[in-house]
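Data first, discussion second: the structure below is written as structure tokens.
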Amino acid sequence: KAGVTQTPRYLIKTRGQQVTLSCSPISGHRSVSWYQQTPGQGLQFLFEYFSETQRNKGNFPGRFSGRQFSNSRSEMNVSTLELGDSALYLCASSPGTGSGEQYFGPGTRLTVT
Amino acid sequence: AQSVTQPDIHITVSEGASLELRCNYSYGATPYLFWYVQSPGQGLQLLLKYFSGDTLVQGIKGFEAEFKRSQSSFNLRKPSVHWSDAAEYFCAVAQSGGYQKVTFGTGTKLQVIP
């Protein structure tokens with residue numbers, strides 16, 4: 001099976017702009033989770049989608065949003081970018097049936113200038 | 001609420017030496033436990049997982065971990081470290097049954113010296 005893919009891999013944006021990141025999970029996986037990883041804060045949970053519904057949400061401002069499509073692909077959007085949003089954004093897919101194990105994509109490196 | 005503690009931020013070992021990375025969790029029932037590895041600039045790769053049964057679990061790349069309920073620990077071990085094992089290692093916990101929210105530890109960076 002193909003692994004989790006994330007696009008783009010690298011992105012440079014300016015403060016105030018918005019950005020959309022994409023994640024394609026492993027075929028057959030219905031759950032997609034998003035994480036933000038920074039040197040200072042570590043790995044922080046953003047949200048999780050299962051069958052097009054947001055099942056859980058981390059403690060991030062409303063500027064961070066996401067959605068999942070019927071084919072399980074997911075997008076996350078960050079509006080009004082701030083310098084502090086510079087991070088590696090990781091997507092993880094799982095079957096969603098209760099095992100808890102997740103399979104991660106390579107991440108999107110977002111730099112906000 | 002569940003939580004994970006990795007007390008060692010950074011560990012240095014010599015190539016060929018044994019390795020043990022510590023992980024302590026807090027959770028009211030029997031958790032699902034995981035170890036992941038992350039190479040620089042990459043995503044996380046699942047090394048091994050514990051759901052139930054035998055408390056010693058084997059993973060990929062020669063790693064193993066032992067679940068000790070009495071100590072709330074899930075330490076990762078490898079008998080002989082290779083230079084390619086240099087990476088960051090994350091312990092994670094998820095509640096068993098139903099919907100799982102996964103909580104990650106802060107990670108341990110492993111440096112391997114020749």
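In what follows, chains carry the letters A, B, and so on, assigned in the order in which the sequence lines appear, proteins first and then strands, with residues in each chain numbered from 1.
Chain B forms more heavy-atom pairs under 4.5 Å with one residue of Arg109(A), Gln44(A), Gln37(A), Arg9(A) than with any other, namely Gln37(A).
Under the 4.5 Å side-chain criterion, counting only non-hydrogen atoms from C-beta, Leu90(A) is not in contact with Gln42(B). For the pair Gln102(A)/Val102(B), a side-chain contact is recorded, criterion being any heavy-atom separation below 4.5 Å from C-beta on. Counting heavy atoms from C-beta outward, Glu101(A) and Leu48(B) have side chains that stay 4.5 Å or more apart.
There is a path of hydrophobic side-chain contacts, each under 4.5 Å, that joins Tyr27(B) to Tyr50(B). Under the 4.5 Å side-chain contact rule for hydrophobic residues, Phe45(A) and Met76(A) do not share a cluster.
Crowding of Asn59(A) atom CG: a count of heavy atoms from other residues, nucleotides or ligands under 6.0 Å not exceeding 12. By the 6.0 Å contact criterion, NZ on Lys109(B) is open, its count of non-hydrogen atoms from other residues, nucleotides or ligands being 12 or less. Atom CD1 of Ile12(A) has 12 or fewer neighbouring heavy atoms from other residues, nucleotides or ligands inside a 6.0 Å radius. Atom CG of Leu83(A) has more than 12 neighbouring heavy atoms from other residues, nucleotides or ligands inside a 6.0 Å radius.
Of the possible donor and acceptor atoms, none in the side chain of Tyr36(B) sits under 3.5 Å from a partner among the backbone N and O of Tyr103(A).
Residue Gln45(B) does not touch chain A at all, counting heavy-atom pairs closer than 4.5 Å.
In this structure, the separation between CG on Leu44(B) and CG on Leu43(A) is 6.0 Å, given to the nearest 0.5 Å.
Taking the six-membered ring for Trp, Phe104(B) and Tyr35(A) have ring centres closer than 6.0 Å.
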